[in-house]
Peer 1: 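One structure follows; several queries about it will come next.
Reminder, nothing fancy here: chain letters follow the sequence lines and each chain counts from 1. The shown structure was predicted, so the numbers you read here are calculated from the model rather than taken from an experiment.
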Amino acid sequence: MKNDVDNLNKQIKSFKDKIAPKKKKESFADNYKLSNIAVEIAAIPIVACMFGYFIDKIFNTLPIFLLICLIFGVISSFVQGYKIITKDSDKK
Amino acid sequence: MSNSEMHQALHQFELKKLIPIELAGYDISFTNSSLFMMFAIFSIITFYLFAIRDRKIIPTRMQSMAELSYEFIASMVKDNVGTKGMSFMPFIFTIFMFVLACNLFGMIPYSFTVTSHISVTFTMAAFIFIMCTLVGLIKHGMHFFSLFLPEGTPLWLAPVMIVIEFFTYLSRPVTLSIRLAGNMVAGHILLKVMAGFVITLGLIGGWLPLSLMVVLSGFELFVAVLQAYIFTILTCVYLNDAVNLH
(Lines give C-alpha, C1' and ligand atoms only; values in the text may rest on other atoms or scores of the structure.)
Protein backbone atom coordinates (compact mmCIF):
# COMPACT_ATOMS: atom_id res chain seq x y z
CA MET A 1 0.00 0.00 0.00
CA LYS A 2 2.79 2.40 1.03
CA ASN A 3 4.72 1.49 -2.11
CA ASP A 4 1.70 2.32 -4.24
CA VAL A 5 1.38 5.77 -2.62
CA ASP A 6 5.12 6.39 -3.11
CA ASN A 7 4.82 5.31 -6.71
CA LEU A 8 1.87 7.61 -7.26
CA ASN A 9 3.74 10.49 -5.63
CA LYS A 10 6.71 9.85 -7.91
CA GLN A 11 4.45 9.82 -10.96
CA ILE A 12 2.77 13.08 -9.88
CA LYS A 13 6.19 14.69 -9.33
CA SER A 14 7.48 13.59 -12.72
CA PHE A 15 4.30 14.86 -14.38
CA LYS A 16 4.64 18.20 -12.59
CA ASP A 17 8.28 18.45 -13.73
CA LYS A 18 7.15 17.65 -17.25
CA ILE A 19 4.54 20.43 -17.47
CA ALA A 20 6.49 23.05 -15.47
CA PRO A 21 8.58 25.62 -17.37
CA LYS A 22 12.06 24.26 -18.01
CA LYS A 23 15.10 26.05 -16.66
CA LYS A 24 16.51 28.20 -19.42
CA LYS A 25 19.89 27.58 -20.91
CA GLU A 26 22.00 30.66 -20.40
CA SER A 27 22.66 32.55 -23.60
CA PHE A 28 24.07 35.91 -24.65
CA ALA A 29 20.57 37.37 -24.91
CA ASP A 30 19.76 36.32 -21.33
CA ASN A 31 21.82 39.22 -20.04
CA TYR A 32 19.28 41.65 -21.50
CA LYS A 33 17.94 42.63 -18.09
CA LEU A 34 21.31 43.91 -16.89
CA SER A 35 21.78 46.01 -20.03
CA ASN A 36 18.38 47.62 -19.49
CA ILE A 37 18.68 48.20 -15.75
CA ALA A 38 18.48 51.97 -16.35
CA VAL A 39 15.04 51.64 -17.95
CA GLU A 40 13.80 49.56 -15.03
CA ILE A 41 15.17 51.97 -12.40
CA ALA A 42 13.90 55.11 -14.15
CA ALA A 43 10.44 53.87 -15.08
CA ILE A 44 9.24 52.65 -11.67
CA PRO A 45 9.34 56.05 -9.82
CA ILE A 46 7.69 57.73 -12.84
CA VAL A 47 4.86 55.20 -12.87
CA ALA A 48 4.54 55.48 -9.08
CA CYS A 49 4.32 59.29 -9.32
CA MET A 50 1.66 59.05 -12.03
CA PHE A 51 -0.31 56.63 -9.85
CA GLY A 52 0.00 58.95 -6.82
CA TYR A 53 -1.03 61.97 -8.88
CA PHE A 54 -4.05 60.05 -10.20
CA ILE A 55 -5.20 59.17 -6.64
CA ASP A 56 -4.62 62.77 -5.50
CA LYS A 57 -6.75 64.03 -8.39
CA ILE A 58 -9.61 61.74 -7.36
CA PHE A 59 -9.53 62.57 -3.63
CA ASN A 60 -8.29 66.17 -4.08
CA THR A 61 -5.37 65.60 -1.72
CA LEU A 62 -2.44 66.83 -3.84
CA PRO A 63 0.50 66.26 -3.07
CA ILE A 64 0.10 63.70 -0.25
CA PHE A 65 -0.25 60.49 -2.30
CA LEU A 66 2.14 61.82 -4.94
CA LEU A 67 4.90 62.08 -2.33
CA ILE A 68 4.05 58.76 -0.66
CA CYS A 69 4.06 56.97 -4.01
CA LEU A 70 7.29 58.72 -5.04
CA ILE A 71 9.03 57.41 -1.91
CA PHE A 72 7.72 53.89 -2.48
CA GLY A 73 8.56 54.15 -6.18
CA VAL A 74 12.20 55.06 -5.45
CA ILE A 75 12.47 52.20 -2.92
CA SER A 76 10.84 49.84 -5.41
CA SER A 77 13.25 50.84 -8.20
CA PHE A 78 16.26 50.23 -5.94
CA VAL A 79 14.86 46.85 -4.87
CA GLN A 80 14.31 45.93 -8.52
CA GLY A 81 17.83 47.08 -9.45
CA TYR A 82 19.29 45.08 -6.55
CA LYS A 83 17.32 42.01 -7.63
CA ILE A 84 18.59 42.25 -11.21
CA ILE A 85 22.22 42.72 -10.13
CA THR A 86 22.20 39.93 -7.54
CA LYS A 87 20.46 37.55 -9.96
CA ASP A 88 23.22 38.25 -12.47
CA SER A 89 26.03 37.77 -9.95
CA ASP A 90 24.39 34.53 -8.73
CA LYS A 91 24.59 33.17 -12.28
CA LYS A 92 28.34 33.82 -12.33
CA MET B 1 24.90 69.52 -32.52
CA SER B 2 23.06 72.42 -34.13
CA ASN B 3 19.28 72.64 -34.25
CA SER B 4 19.05 71.89 -37.99
CA GLU B 5 21.26 68.79 -37.61
CA MET B 6 19.09 67.62 -34.72
CA HIS B 7 16.04 68.11 -36.87
CA GLN B 8 17.62 66.03 -39.63
CA ALA B 9 18.43 63.21 -37.23
CA LEU B 10 14.89 63.15 -35.86
CA HIS B 11 13.21 63.82 -39.20
CA GLN B 12 13.02 60.07 -39.89
CA PHE B 13 10.59 59.60 -37.00
CA GLU B 14 8.11 62.22 -38.23
CA LEU B 15 4.57 61.02 -38.87
CA LYS B 16 3.12 62.05 -42.23
CA LYS B 17 -0.56 61.87 -43.06
CA LEU B 18 -0.99 59.94 -46.31
CA ILE B 19 -4.81 59.77 -46.30
CA PRO B 20 -6.38 62.26 -43.87
CA ILE B 21 -9.41 60.70 -42.16
CA GLU B 22 -11.44 62.20 -39.34
CA LEU B 23 -14.10 60.26 -37.46
CA ALA B 24 -16.34 61.84 -34.81
CA GLY B 25 -13.77 64.53 -34.10
CA TYR B 26 -10.89 62.03 -33.87
CA ASP B 27 -7.95 62.09 -36.25
CA ILE B 28 -7.58 58.51 -37.51
CA SER B 29 -5.56 59.39 -40.62
CA PHE B 30 -3.69 56.73 -42.55
CA THR B 31 -0.06 57.67 -41.87
CA ASN B 32 3.34 56.42 -42.99
CA SER B 33 3.38 54.43 -39.74
CA SER B 34 0.13 52.67 -40.72
CA LEU B 35 1.58 51.97 -44.16
CA PHE B 36 4.70 50.30 -42.78
CA MET B 37 2.65 48.31 -40.28
CA MET B 38 0.62 47.01 -43.23
CA PHE B 39 3.84 46.27 -45.15
CA ALA B 40 5.09 44.29 -42.16
CA ILE B 41 1.87 42.29 -41.84
CA PHE B 42 1.58 41.59 -45.58
CA SER B 43 5.23 40.55 -45.82
CA ILE B 44 4.80 38.08 -42.93
CA ILE B 45 1.59 36.63 -44.42
CA THR B 46 3.15 36.39 -47.91
CA PHE B 47 6.29 34.75 -46.54
CA TYR B 48 4.38 32.07 -44.66
CA LEU B 49 1.93 31.47 -47.52
CA PHE B 50 4.83 30.90 -49.91
CA ALA B 51 6.81 28.89 -47.37
CA ILE B 52 4.05 26.34 -46.71
CA ARG B 53 2.59 26.27 -50.23
CA ASP B 54 4.25 22.99 -51.32
CA ARG B 55 4.98 21.24 -48.07
CA LYS B 56 7.54 18.45 -48.37
CA ILE B 57 9.07 15.94 -45.99
CA ILE B 58 12.49 17.24 -46.99
CA PRO B 59 11.80 20.97 -46.64
CA THR B 60 12.89 23.67 -49.06
CA ARG B 61 14.86 26.67 -47.77
CA MET B 62 11.68 28.73 -47.33
CA GLN B 63 9.82 25.92 -45.57
CA SER B 64 12.86 25.38 -43.36
CA MET B 65 12.89 29.05 -42.35
CA ALA B 66 9.18 28.95 -41.52
CA GLU B 67 9.54 25.74 -39.52
CA LEU B 68 12.63 27.01 -37.69
CA SER B 69 10.92 30.27 -36.71
CA TYR B 70 7.90 28.31 -35.45
CA GLU B 71 10.11 25.90 -33.50
CA PHE B 72 12.08 28.80 -32.03
CA ILE B 73 8.99 30.53 -30.64
CA ALA B 74 7.38 27.24 -29.56
CA SER B 75 10.45 26.27 -27.54
CA MET B 76 10.62 29.79 -26.08
CA VAL B 77 7.01 29.53 -24.88
CA LYS B 78 7.50 25.97 -23.59
CA ASP B 79 10.70 26.89 -21.71
CA ASN B 80 9.29 30.03 -20.10
CA VAL B 81 5.60 29.33 -19.57
CA GLY B 82 5.45 25.53 -19.69
CA THR B 83 2.99 23.38 -21.62
CA LYS B 84 0.07 25.30 -20.10
CA GLY B 85 1.25 28.34 -22.01
CA MET B 86 1.10 26.66 -25.42
CA SER B 87 -2.47 27.94 -25.87
CA PHE B 88 -0.91 31.43 -26.10
CA MET B 89 1.53 30.31 -28.81
CA PRO B 90 -0.34 32.04 -31.72
CA PHE B 91 -0.40 35.31 -29.78
CA ILE B 92 3.32 35.17 -28.87
CA PHE B 93 4.24 34.14 -32.42
CA THR B 94 2.28 37.07 -33.88
CA ILE B 95 3.91 39.53 -31.48
CA PHE B 96 7.42 38.29 -32.31
CA MET B 97 6.94 38.29 -36.07
CA PHE B 98 5.27 41.72 -36.08
CA VAL B 99 7.95 43.40 -33.94
CA LEU B 100 10.73 41.67 -35.90
CA ALA B 101 9.26 42.69 -39.27
CA CYS B 102 8.72 46.30 -38.12
CA ASN B 103 12.28 46.51 -36.74
CA LEU B 104 13.80 45.04 -39.91
CA PHE B 105 11.68 47.23 -42.22
CA GLY B 106 13.07 50.20 -40.30
CA MET B 107 16.58 49.26 -41.44
CA ILE B 108 15.75 49.93 -45.08
CA PRO B 109 16.95 53.44 -46.03
CA TYR B 110 14.14 56.05 -46.31
CA SER B 111 11.69 53.68 -44.62
CA PHE B 112 9.88 54.32 -41.35
CA THR B 113 10.57 52.50 -38.08
CA VAL B 114 7.15 51.79 -36.62
CA THR B 115 8.57 50.50 -33.32
CA SER B 116 10.40 53.79 -32.67
CA HIS B 117 7.09 55.34 -31.58
CA ILE B 118 6.12 54.81 -27.95
CA SER B 119 2.45 55.06 -28.95
CA VAL B 120 2.85 51.83 -30.95
CA THR B 121 5.02 49.94 -28.46
CA PHE B 122 2.99 51.10 -25.46
CA THR B 123 -0.25 49.97 -27.09
CA MET B 124 1.21 46.49 -27.54
CA ALA B 125 2.72 46.47 -24.03
CA ALA B 126 -0.53 47.71 -22.42
CA PHE B 127 -2.48 45.04 -24.27
CA ILE B 128 -0.04 42.35 -23.04
CA PHE B 129 -0.20 43.74 -19.48
CA ILE B 130 -4.01 43.78 -19.39
CA MET B 131 -4.20 40.33 -20.98
CA CYS B 132 -1.74 38.82 -18.48
CA THR B 133 -3.60 40.39 -15.54
CA LEU B 134 -6.95 39.09 -16.81
CA VAL B 135 -5.50 35.61 -17.46
CA GLY B 136 -4.08 35.56 -13.92
CA LEU B 137 -7.37 36.71 -12.38
CA ILE B 138 -9.44 34.22 -14.39
CA LYS B 139 -7.09 31.29 -13.66
CA HIS B 140 -6.35 31.95 -9.99
CA GLY B 141 -9.06 34.35 -8.83
CA MET B 142 -8.09 36.44 -5.80
CA HIS B 143 -5.07 34.15 -5.22
CA PHE B 144 -3.44 35.98 -8.15
CA PHE B 145 -2.67 38.88 -5.80
CA SER B 146 -0.22 36.63 -3.95
CA LEU B 147 2.09 37.64 -6.81
CA PHE B 148 2.67 40.89 -4.91
CA LEU B 149 4.01 39.07 -1.86
CA PRO B 150 7.31 37.28 -2.55
CA GLU B 151 7.75 33.93 -0.83
CA GLY B 152 9.50 34.03 2.55
CA THR B 153 8.64 37.67 3.31
CA PRO B 154 8.31 38.29 7.08
CA LEU B 155 4.81 39.36 8.12
CA TRP B 156 5.90 42.76 9.46
CA LEU B 157 7.46 43.58 6.08
CA ALA B 158 4.46 42.40 4.05
CA PRO B 159 2.62 45.77 3.70
CA VAL B 160 5.74 47.50 2.39
CA MET B 161 6.64 44.61 0.07
CA ILE B 162 3.12 44.54 -1.38
CA VAL B 163 3.34 48.24 -2.30
CA ILE B 164 6.88 47.81 -3.71
CA GLU B 165 5.89 44.78 -5.80
CA PHE B 166 2.71 46.54 -6.93
CA PHE B 167 4.70 49.45 -8.38
CA THR B 168 7.14 47.04 -10.03
CA TYR B 169 4.17 45.22 -11.57
CA LEU B 170 2.54 48.47 -12.66
CA SER B 171 5.73 49.62 -14.40
CA ARG B 172 5.88 46.53 -16.64
CA PRO B 173 4.10 48.02 -19.68
CA VAL B 174 6.19 51.20 -19.41
CA THR B 175 9.54 49.39 -19.25
CA LEU B 176 8.48 46.97 -21.98
CA SER B 177 7.51 49.77 -24.35
CA ILE B 178 10.32 52.24 -23.56
CA ARG B 179 12.98 49.53 -23.92
CA LEU B 180 11.95 48.69 -27.47
CA ALA B 181 11.21 52.25 -28.63
CA GLY B 182 14.33 53.65 -26.94
CA ASN B 183 16.66 51.10 -28.49
CA MET B 184 15.23 51.64 -31.96
CA VAL B 185 15.33 55.46 -31.72
CA ALA B 186 18.87 55.52 -30.30
CA GLY B 187 20.26 53.23 -32.99
CA HIS B 188 18.64 55.09 -35.86
CA ILE B 189 19.72 58.50 -34.55
CA LEU B 190 23.29 57.22 -34.19
CA LEU B 191 23.26 55.98 -37.79
CA LYS B 192 21.93 59.31 -39.03
CA VAL B 193 24.51 61.31 -37.05
CA MET B 194 27.28 59.10 -38.45
CA ALA B 195 25.90 59.64 -41.95
CA GLY B 196 26.02 63.39 -41.23
CA PHE B 197 29.72 63.07 -40.31
CA VAL B 198 30.45 61.28 -43.59
CA ILE B 199 28.96 64.17 -45.57
CA THR B 200 30.60 66.87 -43.41
CA LEU B 201 34.10 65.35 -43.45
CA GLY B 202 33.92 64.64 -47.20
CA LEU B 203 36.20 62.44 -49.25
CA ILE B 204 39.29 62.93 -47.10
CA GLY B 205 38.02 62.29 -43.56
CA GLY B 206 34.67 60.64 -44.28
CA TRP B 207 36.07 57.11 -44.58
CA LEU B 208 36.37 56.63 -40.85
CA PRO B 209 32.70 57.39 -39.99
CA LEU B 210 31.65 55.46 -43.12
CA SER B 211 33.44 52.32 -41.98
CA LEU B 212 31.97 52.81 -38.53
CA MET B 213 28.53 53.13 -40.14
CA VAL B 214 28.96 49.76 -41.85
CA VAL B 215 29.76 48.16 -38.49
CA LEU B 216 26.89 50.02 -36.80
CA SER B 217 24.43 48.94 -39.51
CA GLY B 218 25.33 45.31 -38.81
CA PHE B 219 24.99 45.97 -35.10
CA GLU B 220 21.60 47.62 -35.67
CA LEU B 221 20.39 44.54 -37.55
CA PHE B 222 21.44 42.47 -34.56
CA VAL B 223 19.66 44.91 -32.19
CA ALA B 224 16.50 44.70 -34.33
CA VAL B 225 16.37 40.92 -33.92
CA LEU B 226 17.47 41.04 -30.26
CA GLN B 227 14.84 43.61 -29.27
CA ALA B 228 12.10 41.55 -30.91
CA TYR B 229 13.40 38.55 -28.95
CA ILE B 230 13.52 40.51 -25.68
CA PHE B 231 10.01 41.90 -26.17
CA THR B 232 8.71 38.38 -26.78
CA ILE B 233 10.62 36.70 -23.96
CA LEU B 234 9.45 39.33 -21.47
CA THR B 235 5.88 38.74 -22.67
CA CYS B 236 6.47 35.05 -21.91
CA VAL B 237 7.88 35.88 -18.46
CA TYR B 238 4.84 38.04 -17.61
CA LEU B 239 2.54 35.34 -18.95
CA ASN B 240 4.34 32.76 -16.81
CA ASP B 241 3.60 34.86 -13.70
CA ALA B 242 -0.07 34.88 -14.67
CA VAL B 243 -0.35 31.21 -15.63
CA ASN B 244 1.90 29.53 -13.05
CA LEU B 245 2.02 32.24 -10.32
CA HIS B 246 5.09 31.61 -8.08
Peer 1: When rounded to the nearest 0.5 angstrom, what is the spacing between CD in Gln80(A) and CD in Glu165(B)?
Peer 2: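 Result: 7.0 Å between the selected atoms.
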Peer 1: Are more than 12 heavy atoms, taken from residues, nucleotides or ligands other than Phe47(B), located less than 6.0 Å from that residue's CZ atom?
Peer 2: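 Enclosed.
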Peer 1: Could you tell me whether Met50(A) atom CE has more than 12 heavy atoms of other residues or ligands within 6.0 Å of it?
Peer 2: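 No, because the 6.0 Å sphere around CE of Met50(A) holds 12 heavy atoms or fewer from other groups.
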Peer 1: Contact part of Val79(A) toward chain B, heavy-atom cut-off under 4.5 Å: side chain, backbone, both or neither?
Peer 2: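 Contact with chain B involves the side chain of Val79(A) alone.
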Peer 1: So with a 6.0 Å cut-off around CE of Met65(B), is the heavy-atom count from everything else above 12?
Peer 2: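 Not buried by this count: 12 neighbours or fewer within 6.0 Å.
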Peer 1: Which one of Cys69(A), Ser77(A), Gly73(A), Ala43(A) has the most heavy-atom pairs closer than 4.5 Å to chain B?
Peer 2: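 Heavy-atom pair counts peak at Cys69(A).
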Peer 1: Should the heavy atoms of other residues, nucleotides or ligands under 6.0 Å from OH of Tyr53(A) be counted, would the total exceed 12?
Peer 2: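 Counting neighbours around OH of Tyr53(A), 12 or fewer heavy atoms of other residues, nucleotides or ligands fall under 6.0 Å, so no.
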Peer 1: Which one, Val174(B), Thr168(B), Asn183(B), leads in non-hydrogen pairs under 4.5 Å with chain A?
Peer 2: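 Maximum pair count with chain A is reached by Thr168(B).
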Peer 1: Within this structure, what is the CD1-CD1 distance for the pair Ile164(B) and Ile44(A), rounded to the nearest 0.5 Å?
Peer 2: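 With rounding to 0.5 Å, CD1 (Ile164(B)) is 10.0 Å from CD1 (Ile44(A)).
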Peer 1: Around atom CZ of Phe72(B), are there more than 12 heavy atoms from other residues, nucleotides or ligands closer than 6.0 Å?
Peer 2: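 Yes, CZ of Phe72(B) has more than 12 neighbouring heavy atoms, counting only those of other groups under 6.0 Å.
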Peer 1: Measure distances from Phe72(A) to the heavy atoms of chain B and classify the residue's part below 4.5 Å as side chain, backbone, both or neither.
Peer 2: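 Both backbone and side chain.
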Peer 1: For Phe167(B) and Ser76(A), which heavy atoms make the closest approach, and how far apart are they?
Peer 2: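 Nearest pair, atom of Phe167(B) first, then Ser76(A): CB-OG, 4.0 Å.
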